[in-house]
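Just so you know, ligand 1 is whichever comes first in the structure, and atom 1 is the first atom listed for that ligand.
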Amino acid sequence: MSLLGLQKEIIYGPILSRRLGRSLGINLLPVDKKLCSFNCVYCQYGFTDILVTSPARELFPTVGQVVTAIEAYLKKPHSIDHLTFSGNGEPTLYPDFGEIVEETVKLRNRYRPNAKLAILSNASRVSKYEIRQALTQIDKPMLKLDAGDVNTFEQINDPAADVSFEDIVKGMKLVDRIIIQTALFKGELGNISKSKLDNWMSILVEIKPIEIQIYSTERPVADNRVINLDSSELKNIAETVHNKTGLIVNPFSA
Ligand code: SF4
């Protein structure tokens, strides 16, 4: 099996998502490159082509292009459960992220008032006030936390040089209704040893998310040392985390 190809358009799907039902993808990133502030070992798009935190504006579609693409889709009579910012990298790197969220809320309210807005973000910009403000308008802010210590974070997520694990955790504590998404896996790069899970749980207790979504990898991934967990392993971890922290933990398997 090969890696997932990049999304070729601003709008993709809707895809039937384990977590979001019929989810219409909004790709704010370039269509010919993966642009991200992380280079995760399990990324389904392979390794990151442009690893940055402050990319040039010219790399992105304009607000007008994104609004036109969303509106064109929403004028059609398809049913969707979520409009989801995701795509070929990290959506909050979009230079006008706050503006595009506002415009998408207006379009949702006009054409699909029952649909929810979601984002799958790696949280690398969550320490910025303007990003957290934009997230307040998104019904489901789903932010990635794969590690509870900086060494594991760097090994798994391999972030751009100026991304700070400490700042991410600080920022996460300030996000209302935050949903944490965590990829768990085995192997030499894995994050399920007792000490790694303990560190991760300690941080979760501080962040106080309304939900933790755990999943493993079922698609081909960037680094073949990543070994996925089966559904019973995920379920066991979910139970352990819930029992130790009291937090809501939902395992998602293929
Ligand atoms: S944050 Fe997402 S898009 Fe970026 S490298 Fe990690 S899995 Fe891939």
Open item on the list: Tell me the closest heavy-atom pair linking Asp146 and Ala183, and the distance in Å.
Closed with: OD1-N, 2.9 Å

Task: Part of Lys34 with heavy atoms under 4.0 Å of ligand 1, whether side chain, backbone, both or neither - done: side chain

- [ ] May I ask you to check if Arg19 and Tyr215 form a cation-pi contact, with NZ or CZ under 6.0 angstrom from the six-membered ring centre and within 45° of the axis?
- [x] yes

- [ ] Can you label the angle between the Phe153 ring and the Phe165 ring as parallel, tilted or perpendicular, going by 30° and 60°?
- [x] tilted

Task: Nearest-0.5 Å distance that lies between atom CD1 in Ile138 and atom OG1 in Thr136 - done: 8.5 Å

Task: Nearest neighbour in protein (non-hydrogen) for atom 4 (Fe) of ligand 1 - done: Cys36 SG, 2.4 Å

TODO: Distance to 0.1 Å, residue and atom name: give those for the protein heavy atom nearest to atom 6 (Fe) of ligand 1.
DONE: Cys40 SG, 2.3 Å

- [ ] Output yes if Cys43 passes the N/O/S-under-2.8 Å test against atom 8 (Fe) of ligand 1; output no otherwise.
- [x] yes

- [ ] State, to 0.1 Å, how close Thr53 and Asp162 come at their nearest heavy-atom pair, and which atoms those are.
- [x] OG1-OD2, 2.7 Å

Task: Proximity to ligand 1 by part of Lys144, non-hydrogen separation under 4.0 Å - done: side chain

Open item on the list: Quick check on contacts: which atoms of ligand 1 are under 4.0 angstrom from a heavy atom of Asn122?
Closed with: 1 (S)

